[in-house]
Amino acid sequence: MSDFAYQKCIDPRCGSTFDLLEVLSRCPKCGSLLDAEYEWDRLDVPGSLAWFEERWAGRRNPLDLSGVWRFRELLPFAHEPAVLTIGEGQTLLRRADRLAPDIGLAPGSLFLQFEGLNPSGSFKDNGMTAAFTHARMAGAARAACASTGNTSASLACFAAASGLLEPIIFIGSGKIAYGKLSQALDFGGKTVQINGDFDDAMARVQEACKETGMYLMNSLNPFRLEGQKAIMFRVLEGLGWEPPDWIVVPGGNLGNSSAFGKAFIELHRLGLIKRVPRIAIINSTGADTLTRLVNDEGLAWNGGNVDDAIIERFYAKMDTAGRRANTIASAIEINRPVNLKKALRTLDFTRGVVRAVPDEAILDAKALVGRSGIGCEPASAASVAGTQLLREEGLIGKSDRVVCILTGHQLKDPDATVWYHSLPLDEMRGKLAKYGVKNAAHQNRPVPAANDLDSILKAI
Ligand SMILES: *Cc1c(COP(=O)(O)O)cnc(C)c1O
Ligand SMILES: [Zn+2]
């Protein structure tokens, strides 16, 4: 398949192309981002999305069982023998009738795409299977990533399952949720704790990869994003191939938002969908670079001619003010999102919007998601809090069909959940003061009881 795949710089002022098997994380000519590109006209692409349902009968083939590779004609870069699959992407689109009224939507309007069901517990596995496959095709020996936690868990998981690449993980020394750190260590990843935050770790890992030729597994890697397109294919599948009105996704390094936009650009170009959903990207107010750049500074895709001066000015101001990303939603605690320009392309193509929601709203939304029977981590709930905000603004209509992406599993970050639910309010405020969390609207505190039946019966 890969004879018709190559890499291409996304900046039309450059537009350089590179061989599929070159290991690059940015355009060597201009430093911009790279896409995986295809000569679609020369490829055999199914005439309708419903064609993919044939694969449901072929579940003995591991590629057909994978929620990524059963759509392989839509990410046609892989040499099939090189594919590494561990059952990623067997996730569900769930109709959320209990949650819908809580956030102002009519029953039947809200759907949750629960990516916590992946082998390592987050959506990152969708991208990792694809990048890992490309790394094998390119003959890489070591792979590295910077991570707020889930990328490292995923990389270490794929590496351990295959024994194929040595995983080197860069984390900041501040926050990493315990569930995620424990995974990286348990899966045997070599973990380097850098004295800095995620943005620092991201900068250092790129330098280290450049210096040593290690294969970079962050979402700068265009092949990771190819795998993450499959999340949208499955959402469409879950809706009988009828695009929803809105896709709402948390925004961190903006890999998902970028991948989703690319998926819709390609599906539309291939004639496989007629209507394109609008994409809403949700930041935390504690890490809101995209929101500020787009809504306040007027930054836009502009046909690919992104005004770099706006970005540079913004980052310079951020550095002068000493502003660092700070949110309880650690997976989106990122102030220099590497996929910024691709996310602008997504916003442009999908008539998308960007919003920031405070951490208190994120934790409240997470508790509501929990009560509806799905366990997600804080960053994931930003999508639900963002939907609620866009309902209040009236941009999302009461009966619009909305899909929230729940990016990671509840057990990734048990501390946040336990603090929110179990602490007396003043103690909770103390713990969460630096995130501006003052209340816990949906708190569910354990009730103390003496060790005798009478007290227990009184308590329940
Ligand atoms: C990585 C991650 C995000 C952020 O996704 P981006 O693609 O970097 O924007 C959000 N939620 C969870 C749980 C994650 O692991
Ligand atoms: Zn270029």
Side-chain angles (χ1 to χ4, degrees), residues 7-18 24-35 113-118 120-128 145-155 176-177 179-180 183 198-199 202 217-222 224-225 227-229 231 248-262 279 281-284 287 289-290 304 306 308 325 327-343 346 354 362 366 375-384 386 404-413 416:
Q7 303 180 67
K8 181 166 195 243
C9 174
I10 69 163
D11 191 323
R13 294 165 288 194
C14 171
S16 307
T17 59
F18 305 93
L24 304 165
S25 41
R26 289 179 180 279
C27 174
K29 300 233 169 89
C30 76
S32 193
L33 299 167
L34 296 168
D35 270 334
Q113 177 67 20
F114 184 36
E115 290 298 312
L117 293 175
N118 273 290
S120 81
S122 85
F123 78 82
K124 298 292 198 302
D125 294 343
N126 292 279
M128 201 53 69
C145 70
S147 183
T148 62
N150 281 332
T151 301
S152 53
S154 182
L155 170 57
I176 174 167
K180 305 175 188 183
Q183 287 180 290
F198 173 82
D199 292 314
M202 187 70 230
M217 286 292 186
N218 280 95
S219 55
L220 262 181
N221 181 315
R224 246 194 64 185
L225 301 193
Q228 288 168 218
K229 292 191 307 194
I231 301 169
V248 190
V249 59
N253 239 341
L254 304 175
N256 257 346
S257 346
S258 301
F260 297 176
K262 187 167 189 281
I279 293 185
I281 306 174
I282 311 299
N283 285 150
S284 158
T289 294
L290 183 72
V306 178
D308 289 300
T327 164
I328 186 82
S330 56
I332 54 174
E333 189 177 53
I334 296 171
N335 255 352
R336 290 175 185 268
V338 295
N339 289 298
L340 175 61
K341 289 187 183 176
K342 286 184 177 175
T346 292
V354 189
I362 290 176
K366 186 176 109 58
C376 70
E377 66 168 280
S380 311
S383 61
V384 175
C404 291
I405 311 300
L406 297 182
T407 44
H409 198 281
Q410 182 184 43
L411 298 178
K412 291 281 192 176
D413 188 359

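The chain is numbered in sequence order, starting from 1. Numbering of ligands and ligand atoms starts at 1, following listing order.
Only the backbone of Leu254 comes within contact range of ligand 1, with a heavy atom under 4.0 Å; no side-chain atom does. Proximity of Ile334 to ligand 1, defined as any heavy-atom pair under 4.0 Å, is not found for any part of the residue. Contacts with ligand 1 closer than 4.0 Å are made by side-chain heavy atoms of Lys124 only, the backbone lying farther away. The parts of Ala331 lying near ligand 1 are both backbone and side chain, judged by heavy-atom distances below 4.0 Å.
We find the OG-NZ distance between Ser257 and Lys342 to be 11.5 Å, quoted to the nearest 0.5 Å. To the nearest 0.5 Å, the span separating CD on Gln183 from OG on Ser152 amounts to 8.0 Å.
For Ser219, the closest heavy-atom approach to ligand 1 does not fall below 4.0 Å.
Between Pro337 and Asn253, the closest side-chain pair of non-hydrogen atoms falls below 4.5 Å. A heavy-atom distance below 4.5 Å is found between the side chains of Cys9 and Leu34. The shortest distance between side-chain heavy atoms of Leu406 and Gln113 does not fall below 4.5 Å. Here the side chains of His409 and Phe114 are in contact, with some heavy-atom distance below 4.5 Å.
Residue contact check: Ile332 has heavy atoms under 4.0 Å from atoms 4 (C), 10 (C) of ligand 1. Heavy-atom contacts of Gly408 reach the following atoms of ligand 1: 13 (C) (cutoff under 4.0 Å). Below 4.0 Å from some heavy atom of Gly251 lie the following atoms of ligand 1, by number and element: 9 (O).
Among all non-hydrogen protein atoms, the one lying nearest atom 5 (O) of ligand 1 is Phe123 CZ, 3.5 Å. Atom 7 (O) of ligand 1 has its closest protein heavy atom at Asn256 N, 2.8 Å.
Taking distance alone, with nitrogen or oxygen atoms compared against 3.5 Å, Thr407 approaches ligand 1 more closely than that limit. The distance criterion of under 3.5 Å between nitrogen or oxygen atoms is met by Gly255 with respect to ligand 1. Where the criterion is an N or O separation shorter than 3.5 Å, residue side chain and backbone included, Glu377 fails it with respect to ligand 1.
In the candidate list Asn150, Leu406, Asp413, Asn253, Asn253 is nearest to atom 8 (O) of ligand 1, counting heavy atoms.
For the side-chain hydrogen bond (donor to acceptor under 3.5 Å, both in side chains) test with Ser154, the passing option among Asp125, Asn118, Asn126 is Asp125; the others fail. A side-chain hydrogen bond (donor to acceptor under 3.5 Å, both in side chains) with Ser219 is found for exactly one of Thr151, Asn256, Asn339, namely Asn339.
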Practice problem: Evaluate the side-chain contact (heavy atoms from CB on, under 4.5 Å) criterion for residues Arg224 and Lys124: first the C-alpha distance (whole Å), next the side-chain angles of each, then the deciding distance (0.1 Å), finally the verdict. | Solution: CA-CA 9 Å; Arg224 246 194 64 185; Lys124 298 292 198 302; 3.3 Å; yes

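The Zn ion (ligand 2) is the vertex of the angle joining SG of Cys9 and SG of Cys27, which measures 110° to the nearest 10°.
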